[in-house]
Novice: 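I'd like to ask some things about the structure below.
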Amino acid sequence: MAKPCQYEITTEYGELLIIDEAQCLESSMELCRNSSSKLVPVRNQSMIDELSSHLTSCIATGYHGAPFIRSRDTMYWRVGLTTDDGEGHWSDGRLYNRSEHGQLFRPGQQPASGWKCENGFLYPTSRKLVVSPCSSKDSFLCLRNSQTTDSTGVSPAESSTTFYKTLHSQPHYLVIGILSICCVLLLLLHVVRAISAKRRREVRRKIADDRQVLSNGDVTIRAESIPFPIEMERN
């Protein structure tokens with residue numbers, strides 16, 4: 001039976017932070033830095049096996065508090081590898097070496113020449129890495145040494161708490177922003193309709209006034225103002 005989703009897990013490589021919300025490369029790196037960590041620099045197959053063992057189906061909570069099953073084992077997770085034209089480096093500074101790291105990837109999914117800016121992704125089901133364009137938005141994994149503190153002296157626990165509060169509040173701000181825009185549009189629509197209704201009332205009032213004047217015989221109609229030909233009586 002699925003267990004509640006965990007977001008911080010202690011491993012032999014450090015503290016693993018699991019972020020389900022899809023982000024682009026730049027946002028992923030920034031969010032990891034904000035929690036005094038970095039995108040996971042994969043080292044070997046043993047590390048992939050341990051990471052994959054923590055990425056299983058679990059029970060998550062939706063925006064409205066409703067639980068649902070999150071299938072983490074079938075998701076793609078961005079890790080700390082960036083390559084360009086088949087060459088690149090890991091987030092810990094190590095150079096990517098095809099002969100050394102190629103076996104960590106699924107067959108035919110290694111970084112290759114001719115491809116611009118690619119990231120490494122972990123696919124837990126196969127317990128292998130794949131590559132995808134840097135522009136893709138996906139979930140990601142951060143790794144932090146349990147003894148690390150940031151430049152402000154904030155402890156990892158405090159930094160992590162702030163990080164998750166910020167991250168999980170983003171969807172709510174998005175919803176509030178969308179609702180605010182909808183309210184403004186509805187208000188503008190109401191104003192436009194009110195103006196249109198006022199103009200229609202004014203036009204109707206003018207037509208009624210003109211008809212009243214005509215019925216009273218107070219207006220002399222000049223021949224040249226008549227827009228259609230008139231048959232003149234011949235002598």
Side-chain angles (χ1 to χ4, degrees), residues 5-58 70-151 156 159-160 163:
C5 293
Q6 292 182 284
Y7 301 95
E8 297 184 38
I9 299 175
T10 300
T11 72
E12 67 172 287
Y13 302 98
E15 190 170 4
L16 176 67
L17 307 181
I18 303 174
I19 295 84
D20 298 296
E21 288 78 6
Q23 302 285 342
C24 64
L25 173 60
E26 291 76 12
S27 295
S28 301
M29 295 173 63
E30 181 180 359
L31 289 168
C32 284
R33 284 195 298 267
N34 290 343
S35 63
S36 303
S37 62
K38 64 184 72 175
L39 289 171
V40 173
V42 177
R43 300 174 185 174
N44 48 48
Q45 185 61 48
S46 296
M47 188 175 187
I48 290 179
D49 291 339
E50 181 170 356
L51 295 175
S52 300
S53 68
H54 297 302
L55 299 171
T56 58
S57 295
C58 57
R70 188 185 295 279
S71 301
R72 285 176 166 174
D73 53 331
T74 58
M75 297 167 61
Y76 287 89
W77 300 86
R78 176 178 271 115
V79 296
L81 173 65
T82 302
T83 63
D84 194 321
D85 202 25
E87 298 181 355
H89 60 275
W90 300 90
S91 57
D92 59 0
R94 290 177 299 126
L95 292 177
Y96 168 74
N97 186 315
R98 184 180 178 88
S99 61
E100 179 183 354
H101 305 125
Q103 70 274 11
L104 303 178
F105 292 81
R106 290 170 60 179
Q109 288 289 325
Q110 300 95 337
S113 60
W115 293 90
K116 298 297 182 182
C117 196
E118 292 184 307
N119 286 150
F121 289 82
L122 170 62
Y123 186 58
T125 296
S126 65
R127 299 204 169 198
K128 289 292 183 180
L129 301 179
V130 298
V131 289
S132 186
C134 296
S135 58
S136 64
K137 296 180 67 175
D138 291 275
S139 305
F140 57 103
L141 303 172
C142 301
L143 188 67
R144 178 178 61 209
N145 187 311
S146 59
Q147 303 301 319
T148 301
T149 58
D150 61 22
S151 58
S159 176
S160 180
F163 167 70

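Everything quoted here is computed from the prediction, not taken from an experiment.
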Novice: Going by side chain to side chain contact (heavy atoms under 4.5 Å, CB included), Phe140 matches just one of Leu39, Val79, Leu25. Which one?
Specialist: Leu39
Novice: Can you label the angle between the Tyr123 ring and the Tyr76 ring as parallel, tilted or perpendicular, going by 30° and 60°?
Specialist: parallel
Novice: With distance as the sole test, does Arg78 use its side chain to make a donor-acceptor pair with the main-chain N or O of Gln23 at under 3.5 Å?
Specialist: yes
Novice: Please round to the nearest 0.5 Å and tell me the distance separating atom CD of Glu118 and atom OG of Ser135.
Specialist: 10.0 Å
Novice: Give, for atom CG of Asp49 and atom NE2 of His54, the distance between the pair rounded to the nearest 0.5 Å.
Specialist: 11.0 Å
Novice: Could Arg72 and Tyr7 be counted as a cation-pi pair, given that NZ or CZ must be under 6.0 Å from the ring centre and within 45° of the axis?
Specialist: yes
Novice: Identify the two heavy atoms, one from Pro111 and one from Arg98, that lie closest to each other, and give their separation to 0.1 Å.
Specialist: O-NH1, 3.1 Å
Novice: Between the side chain of Thr125 and the main-chain N/O of Asp73, is any donor-acceptor distance below 3.5 Å?
Specialist: yes
Novice: Under a 3.5 Å distance rule, please check whether Ser136 uses its side chain to pair with a backbone N or O of Pro133 as donor and acceptor.
Specialist: yes
Novice: Between Asp85 (side chain only) and Gly114 (backbone N and O only), is there a donor and an acceptor less than 3.5 Å apart?
Specialist: yes
Novice: So do Val42 and Leu81 actually touch side chain to side chain, heavy atoms under 4.5 Å?
Specialist: no
Novice: How close do Leu17 and Ser37 get, heavy atom to heavy atom, and via which atoms?
Specialist: CD1-OG, 3.8 Å
Novice: Say you draw a straight line from CD of Gln109 to CG of Leu129; how long is it, rounded to the nearest 0.5 Å?
Specialist: 10.5 Å
Novice: At their closest point, which heavy atom of Gln103 faces which heavy atom of Gln45, and how far apart are they?
Specialist: O-OE1, 4.4 Å
Novice: Is there a side-chain contact between Val40 and Leu122 in this structure, where contact means two heavy atoms from C-beta onward sitting under 4.5 Å apart?
Specialist: no
Novice: How many angstroms lie between SG in Cys32 and NZ in Lys38, if you round to the nearest 0.5 Å?
Specialist: 10.5 Å
Novice: Under a 4.5 Å cut-off applied to non-hydrogen side-chain atoms, are Lys128 and Pro107 in contact?
Specialist: no
Novice: To the closest 0.5 Å, what do you measure between SG (Cys142) and CG (Asn34)?
Specialist: 9.5 Å
Novice: Using a 6.0 Å cut-off, check whether atom CD of Glu50 has over 12 heavy atoms from anything other than its own residue.
Specialist: yes
Novice: Is any side-chain heavy atom of Trp77 closer than 4.5 Å to a side-chain heavy atom of Ile18?
Specialist: yes
Novice: Which heavy atom in Leu143 sits nearest to a heavy atom in Pro41, and how many Å separate them?
Specialist: CD2-CD, 4.1 Å
Novice: Flag yes if more than 12 heavy atoms outside Met29 fall under 6.0 Å of its CE atom; otherwise flag no.
Specialist: no
Novice: Taking the side chain from Ser57 and the backbone from Ser71, do they hold a donor-acceptor pair closer than 3.5 Å?
Specialist: no
Novice: Minimum heavy-atom separation for Ser132 and Phe121, please, with both atom names.
Specialist: CB-CE1, 3.4 Å
Novice: At their closest point, which heavy atom of Arg144 faces which heavy atom of Ser35, and how far apart are they?
Specialist: NH1-O, 2.7 Å
Novice: Is it true that the side chains of Thr82 and Asn119 contain a donor and an acceptor less than 3.5 Å apart?
Specialist: yes
Novice: Say you draw a straight line from CG of Leu55 to SG of Cys5; how long is it, rounded to the nearest 0.5 Å?
Specialist: 10.5 Å
Novice: Please lay out, stage by stage, how Ser99 and Asn97 fare under the test side-chain hydrogen bond (donor to acceptor under 3.5 Å, both in side chains).
Specialist: CA-CA 6 Å; Ser99 61; Asn97 186 315; 2.5 Å; yes
